[in-house]
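All values below were derived from every heavy atom in this structure, side-chain atoms included, with hydrogens, water molecules and symmetry-related copies excluded.
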Amino acid sequence: MDDLKPIDMPCMADYFAGELSPDEAAAVERCINRNPDLQKLTLRLMRSRIDMSANVAARIPDLDSQVALLTENVSAALASASHQNELVSKPVSPVRPKPVSPVQSKTAFDTRSVVNSLPVPRYTAYTIGAFLASLILVFMGWTFAELRHGVLSPTSLSTYTTGNGERATVTLPDGSSVTLNVGSKLQVPSNFASGNRTVTLSGQAFFSVISHSGAPFTVISGPSITRVLGTQFSVRHYEDDSSATVLVQDGKVSIGSETLVGGQAVSISSHGASPVRNADMNSLSFTKGVLILNNISLLDAIPDLNRWYNVEIRLGDKSFSNREVAGGFEAGSIFDLITVLELMYDARVVKDGRVLTLYR
């Protein structure tokens with residue numbers, strides 16, 4: 001079958017709720033990851049549902065704006081797919097077939113059919129439109145059902161944050177622990193203990209996850225969705241990072257169609273995942289209070305140093321930009337950093353509050 005058929009709405013609801021088996025969820029994610037429009041919309045749906053949990057009073061207006069935004073995405077996806085189809089071949093008939101309505105479609109989701117269709121995927125504008133419309137309907141029905149049954153509440157989200165220069169360890173209701181690096185934020189749903197083990201992360205964190213059969217642990221961070229059963233791994237995606245990085249210390253995690261084991265890492269951007277590589281375990285040193293930077297330019301290291309010491313480093317002499325940084329920076333005071341910078345670069349550091357400017 002050349003075209004990807006729209007996945008039926010009950011299956012997608014089960015996927016968002018984390019009620020599919022790991023194999024079924026992986027099959028759905030492979031299907032989604034084959035098309036950037038579907039991938040972006042899925043991430044938007046998952047984030048939208050979590051964000052909407054934060055304020056019940058603003059629920060309905062927020063839902064309206066979310067649906068309006070998602071509808072715009074559907075139109076854009078249809079236009080993009082239609083344009084791509086016209087580039088591939090001209091229609092043989094002037095009469096265009098009517099788009100398949102997700103309500104009329106009687107196609108049932110079958111993991112085997114999704115897997116079997118992987119080698120030669122082709123997407124039409126109508127297929128993508130039906131699928132995106134199905135996702136919107138799932139999202140709307142899911143949200144209204146929770147509102148009707150009172151699942152969402154003003155305290156539906158617990159947010160844990162660390163400022164620049166701060167780190168913290170959080171113990172989750174299931175016994176899993178999360179070590180937050182500097183300048184990070186973790187959002188945990190109130191029904192986490194009931195099986196909704198989906199958290200969102202901005203920044204960097206090391207997770208030590210306790211396995212619970214039938215309740216996978218999922219981390220949404222930037223463009224990445226990381227799903228695990230029980231393992232130790234880290235996820236990093238700061239606002240100034242071009243991609244999210246997942247590193248596994250022990251156990252296994254799945255990211256779309258990729259499976260990572262201990263000692264492996266992968267980066268995920270809006271363009272897809274990089275090849276799996278051997279992990280640099282030094283990136284986990286933040287859990288022990290040390291920031292290790294390995295042979296990168298000072299210009300590239302400044303964002304991490306700023307977060308680590310809660311400072312703003314400026315270069316009074318641009319020749320410092322390409323000077324390399326190599327070594328470990330222990331958590332300490334701003335004066336410790338000044339001493340290190342002066343010795344490392346034979347520089348003069350001028351301090352103005354928390355702004356440090358390097359001169360020759």
Side-chain angles (χ1 to χ4, degrees), residues 158-171 177-188 199-208 219 221-222 232-247 249 265 267 279-360:
S158 296
T159 302
Y160 304 90
T161 61
T162 56
N164 289 341
E166 300 176 342
R167 291 172 294 112
T169 298
V170 178
T171 301
S177 65
V178 183
T179 301
L180 289 175
N181 199 0
V182 295
S184 301
K185 178 171 72 173
L186 180 73
Q187 291 181 308
V188 181
V199 301
T200 58
L201 171 70
S202 173
Q204 184 177 19
F206 178 77
F207 296 84
S208 183
V219 182
S221 184
Q232 292 182 311
F233 65 102
S234 72
V235 178
R236 170 181 169 136
H237 184 264
Y238 286 102
E239 290 184 359
D240 52 14
D241 287 341
S242 60
S243 62
T245 301
V246 180
L247 181 155
Q249 178 172 291
S267 297
D280 177 10
M281 292 302 177
N282 285 329
S283 64
L284 301 181
S285 63
F286 75 90
T287 62
K288 300 178 180 178
V290 179
L291 171 66
I292 295 181
L293 301 173
N294 287 326
N295 299 318
I296 63 175
S297 70
L298 177 58
L299 190 63
D300 291 335
I302 282 177
D304 282 327
L305 290 171
N306 286 347
R307 282 187 288 263
W308 192 246
Y309 288 99
N310 189 23
V311 296
E312 180 183 344
I313 297 175
R314 298 177 181 176
L315 302 181
D317 188 322
K318 299 303 181 184
S319 64
F320 285 114
S321 299
N322 296 323
R323 298 286 295 274
E324 285 192 346
V325 179
F329 295 79
E330 293 188 0
S333 70
I334 190 172
F335 298 101
D336 294 332
L337 175 60
I338 291 174
T339 300
V340 170
L341 292 176
E342 289 181 336
L343 292 175
M344 183 178 294
Y345 299 113
D346 190 22
R348 178 170 59 91
V349 178
V350 175
K351 178 179 178 295
D352 182 9
R354 304 200 74 84
V355 177
L356 307 180
T357 306
L358 274 67
Y359 297 96
R360 284 187 176 276

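- Other residues, nucleotides and ligands contribute more than 12 heavy atoms inside 6.0 Å of the CG atom of Asn295.
- Scanning for side-chain contact (heavy atoms from CB on, under 4.5 Å) contacts around Glu312 gives Arg314, Val355, with sequence neighbours left out.
- The minimum heavy-atom distance linking Ala205 with Val178 is given by the pair CB-CG1, 3.7 Å.
- Here Ser177 contributes atom OG and Gln232 contributes atom CD; the two are 7.5 Å apart, rounded to the nearest 0.5 Å.
- Partners of Ala244 according to the side-chain contact (heavy atoms from CB on, under 4.5 Å) rule, which considers only residues two or more places apart in sequence or in another chain, are Pro223, Ser224, His237.
- Val188 approaches Tyr160 most closely through the heavy-atom pair CG2-CE1, 3.9 Å.
- The closest side-chain heavy-atom distance from Tyr345 to Leu298 is below 4.5 Å.
- In this structure, Leu305 CG and Asn310 CG are separated by 12.5 Å, a value rounded to the nearest 0.5 Å.
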Lys185/Thr159 under side-chain contact (heavy atoms from CB on, under 4.5 Å): CA gap, chis, key distance, verdict: CA-CA 7 Å; Lys185 178 171 72 173; Thr159 302; 3.6 Å; yes
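- Within the 4.5 Å cutoff, no side-chain heavy atoms of Arg236 are placed close to those of Phe206.
- Taking CD of Glu342 as the reference point, atom CZ of Arg348 lies at 9.5 Å (rounded to 0.5 Å).
- Remark: Glu166 CD to Thr161 OG1 distance equals 7.5 Å, nearest 0.5 Å.
- In terms of modelled atom types and a separation under 3.5 Å, the side chain of Lys351 and the main chain of Gly353 share a donor-acceptor contact.
- Taking the side chain as every heavy atom from C-beta outward, Leu293 and Asp300 never approach each other to under 4.5 Å.
- Taking all atoms of both residues into account, the shortest heavy-atom contact from Ser283 to Gln204 is O-NE2, 3.6 Å.
- Here the closest heavy-atom approach between residue Thr245 and residue Ser267 is recorded as OG1-OG, 3.5 Å.
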side-chain contact (heavy atoms from CB on, under 4.5 Å) between Leu299 and Phe320, intermediate numbers included: CA-CA 8 Å; Leu299 190 63; Phe320 285 114; over 6 Å; no
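- Pairing each heavy atom of Thr357 with each of Gly316, the nearest pair is CG2-N, 3.7 Å.
- No donor-acceptor pair closer than 3.5 Å links the side chain of Ser184 to the backbone N or O of Thr162.
- Here the straight-line distance linking atom CG of Leu186 with atom OG of Ser221 works out to 10.0 Å at 0.5 Å rounding.
- Looking at every heavy atom in both residues, Leu341 comes nearest to Ala347 through O-CB, 4.2 Å.
- When the side-chain contact (heavy atoms from CB on, under 4.5 Å) test is applied to Val311, the partners found at least two apart in sequence or on another chain are Asn306, Tyr309, Ile313, Ile334, Leu337, Arg354, Leu356.
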Candidate pair Phe286 and Thr179, rule side-chain contact (heavy atoms from CB on, under 4.5 Å), full reasoning: CA-CA 9 Å; Phe286 75 90; Thr179 301; 4.2 Å; yes
Dump the intermediate steps for side-chain contact (heavy atoms from CB on, under 4.5 Å) on Val182 and Tyr238, then the final yes or no. CA-CA 10 Å; Val182 295; Tyr238 286 102; 4.1 Å; yes
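- In this structure a side-chain-to-backbone donor-acceptor pair under 3.5 Å is missing from Asp304 to Ala301.
- Within a 6.0 Å radius of CD in Glu330, no more than 12 heavy atoms belonging to other residues, nucleotides or ligands are found.
- The structure places CD1 of Ile296 at 12.5 Å from CG of Asn322, a figure rounded to the nearest 0.5 Å.
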